[in-house]
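See structure below.
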Protein chains: 2
Amino acid sequence: MLKTFSIKEVAKKFDLSISTIRYYDKRGLLPFVAKNAAGYRIFTETDLNLIKTIVCLKNTGMSINNIKTYIELVMAGPSSIDERKKLLLNHRRQVLQEQQVLADNLREVDFKIKKYESPDAESVIKNELEYVAREKKKLNL
Amino acid sequence: MLKTFSIKEVAKKFDLSISTIRYYDKRGLLPFVAKNAAGYRIFTETDLNLIKTIVCLKNTGMSINNIKTYIELVMAGPSSIDERKKLLLNHRRQVLQEQQVLADNLREVDFKIKKYESPDAESVIKNELEYVAREKKKLNL
DNA sequence: GGTTGCCCTAAACTATAGTTTAGGGTTTAA
DNA sequence: TTAAACCCTAAACTATAGTTTAGGGCAACC
């Protein structure tokens with residue numbers, strides 16, 4: 001028999017809260033999820049694949065609105081393949097850029113850490129402080 | 001003479017909006033910025049160094065509150081070097097983890113893109129759709 | 001000396017992404 | 001058959017990070 005999953009099981013599987021899943025549904029990210037007679041969400045195996053994709057897009061910083069657009073394209077069937085590809089390629093570019101920003105700025109953080117690890121950190125920083133004080137004094141600030 | 005900068009110049013230099021700089025000040029990120037008799041913020045060269053650090057921490061995803069903590073440590077002088085180092089090392093760990101998440105999930109996105117780029121993408125996706133339909137039918141969903 | 005451009009604060013407003021609460025049905029296992 | 005464990009919606013609430021607006025003061029140039 002085909003296995004189905006409750007909202008609680010799905011939440012656990014993807015490390016989301018139940019309310020987040022409900023929120024995603026309300027925001028239109030889960031139009032493919034069926035409900036039983038009592039109104040309970042019933043998740044199938046293939047639903048989980050799509051949810052994995054949603055989580056993946058979320059984890060790379062895509063907004064709910066854009067994820068919704070992607071899901072709508074998926075629901076539209078094969079005719080939307082080109083648009084889906086365009087959307088994902090665009091997203092990919094943004095992620096690469098974000099990675100670049102992260103890497104560049106992390107290097108700066110690393111410089112600071114090294115500075116603090118240096119044996120003469122204390123005197124260096126004292127000097128900097130004195131310089132700042134002189135600078136403000138000169139400017140009457 | 002020592003050069004100083006207006007809020008507008010600083011905003012331009014760091015690609016921030018003027019209101020963001022005011023907001024940062026209000027949140028306690030700029031306790032080192034002096035004001036002239038008229039209440040105008042006057043930024044010195046060394047102020048810019050600290051602002052660069054703030055932007056750097058922001059660009060690596062640190063919250064305003066944690067940046068504030070870091071700035072407070074800086075203002076406390078050399079005695080806080082150890083704590084600053086700890087804070088930055090901790091942040092560094094989080095950034096590395098975020099980079100990992102980004103990289104892992106981007107790989108998934110790349111898989112999807114490749115799938116859409118394949119010549120038989122259309123038939124593959126048609127088959128998937130039919131599978132999903134059969135699945136839901138079997139489950140009476 | 002007035003007009004244009006800058007600067008200020010305080011407070012309200014916005015966007016995004018959820019979380020929590022209230023009130024109420026359903027399922028399951030003793 | 002009832003209590004515990006689940007599930008539901010709607011709506012209010014929260015957190016974060018700003019942006020916008022209202023109402024005024026400075027500054028600098030013509």
Side-chain angles (χ1 to χ4, degrees), chain A residues 3-31 33-44 47 51 54-71 91 94 98 101 105 139-141, chain B residues 3-31 33-44 47 51 53-71 91 94 98 101-102 105 139-141:
Chain A
K3 171 131 178 65
T4 61
F5 304 86
S6 71
I7 195 171
K8 195 185 187 185
E9 289 172 309
V10 175
K12 191 166 183 190
K13 236 178 237 295
F14 290 100
D15 197 25
L16 299 171
S17 75
I18 288 177
S19 60
T20 297
I21 294 175
R22 291 205 185 107
Y23 171 70
Y24 285 177
D25 196 2
K26 190 159 64 172
R27 290 296 307 274
L29 266 49
L30 311 178
V33 174
K35 290 187 179 179
N36 69 13
Y40 287 25
R41 291 177 186 81
I42 306 293
F43 298 81
T44 66
D47 288 344
I51 291 175
I54 289 170
V55 168
C56 178
L57 294 175
K58 189 197 69 159
N59 284 343
T60 47
M62 189 183 282
S63 71
I64 299 278
N65 258 318
N66 282 311
I67 297 175
K68 184 185 173 191
T69 300
Y70 176 73
I71 292 295
H91 180 56
Q94 288 177 47
E98 169 61 14
V101 168
N105 286 277
L139 291 161
N140 299 313
L141 296 177
Chain B
K3 172 133 177 65
T4 60
F5 303 86
S6 70
I7 194 171
K8 195 182 187 187
E9 289 172 309
V10 175
K12 190 166 184 192
K13 235 177 240 295
F14 292 100
D15 197 26
L16 299 170
S17 76
I18 288 177
S19 60
T20 296
I21 294 175
R22 292 205 185 107
Y23 170 70
Y24 285 177
D25 196 2
K26 191 159 65 174
R27 291 296 307 274
L29 267 48
L30 312 177
V33 174
K35 289 187 178 178
N36 70 12
Y40 288 23
R41 291 177 187 82
I42 307 294
F43 298 80
T44 66
D47 288 346
I51 292 175
T53 300
I54 289 170
V55 168
C56 178
L57 294 175
K58 189 197 69 160
N59 284 343
T60 47
M62 190 183 282
S63 72
I64 299 279
N65 259 317
N66 283 311
I67 297 175
K68 185 185 173 191
T69 299
Y70 176 73
I71 292 295
H91 180 55
Q94 287 177 48
E98 170 61 15
V101 168
L102 226 52
N105 285 278
L139 290 162
N140 298 313
L141 297 176

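Each chain gets a letter, A, B and so on, in the order its sequence line appears, and its residues count up from 1.
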Please report the interatomic distance [atom1]([X]) to [atom2]([Y]), rounded to the nearest 0.5 Å.
| X | Y | atom1 | atom2 | result |
| --- | --- | --- | --- | --- |
| B:Leu29 | B:Thr53 | CG | OG1 | 11.5 Å |
| B:Asn140 | A:Ile42 | CG | CD1 | 11.5 Å |
| A:Ile54 | A:Ile64 | CD1 | CD1 | 9.0 Å |
| A:Ile7 | A:Leu30 | CD1 | CG | 8.5 Å |

Sequence-distant partners of A:Tyr24, side-chain hydrogen bond (donor to acceptor under 3.5 Å, both in side chains), two or more places apart: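 Partners of A:Tyr24 under the side-chain hydrogen bond (donor to acceptor under 3.5 Å, both in side chains) test: none.
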Test side-chain hydrogen bond (donor to acceptor under 3.5 Å, both in side chains) applied to A:Tyr70 - qualifying residues, sequence neighbours left out: B:Tyr116
Positions of residues 57-71 of chain A (non-hydrogen atom under 4.0 Å from DNA chain C), listed by number: A:Lys58, A:Ser63, A:Ile64
Step-by-step side chain to side chain contact (heavy atoms under 4.5 Å, CB included) determination, B:Lys58 to B:Ile67: CA-CA 8 Å; B:Lys58 189 197 69 160; B:Ile67 297 175; 4.2 Å; yes
For DNA chain D, the residues among residues 6-18 of chain A that have a non-hydrogen atom under 4.0 Å from it: A:Ser6, A:Ile7, A:Lys8, A:Ile18
Near-strand residues of residues 20-28 of chain B, defined as heavy-atom separation under 4.0 angstrom from DNA chain D: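 Within residues 20-28 of chain B, the residues near DNA chain D are B:Thr20, B:Tyr23, B:Tyr24.
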For [X], enumerate each residue passing the side chain to side chain contact (heavy atoms under 4.5 Å, CB included) test, keeping only those at least two apart in sequence or located in another chain.
| X | answer |
| --- | --- |
| B:Thr44 | A:Glu135, A:Lys136, A:Leu139, A:Leu141, B:Thr46, B:Asp47 |
| A:Gln94 | A:Asn90 |
| B:Ala38 | B:Asn36, B:Tyr40 |
| B:Asn105 | A:Cys56, A:Asn59, A:Thr60, B:Val101 |

Salt bridge (Lys or Arg N to Asp or Glu O under 4.0 Å): pairs with one or both residues in residues 5-23 of chain A, sequence neighbours excluded: A:Lys3-A:Glu9
What pairs of nitrogen or oxygen atoms, one from the protein and one from nucleotides 24-29 of chain C, lie under 3.5 Å apart?
residue	atom	partner	partner atom	Å
C:dG25	N2	A:Tyr40	OH	2.6
C:dT26	O4'	A:Tyr40	OH	3.0

Bounds of contact between DNA chain D and chain B, in 5' to 3' order, using a heavy-atom cut-off under 4.0 Å: D:dA17 to D:dC26
Identified side-chain contact (heavy atoms from CB on, under 4.5 Å) counterpart of A:Arg41 within the set A:Asp25, A:Val10, A:Ile18: A:Asp25
Flag side-chain contact, heavy atom, 4.5 Å: A:Ile51 against A:Phe43: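 Counting from C-beta outward, A:Ile51 and A:Phe43 do come under 4.5 Å.
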Side-chain heavy-atom pair A:Asn65, A:Thr69 within 4.5 angstrom cut-off: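 SC-SC contact between A:Asn65 and A:Thr69 ruled out.
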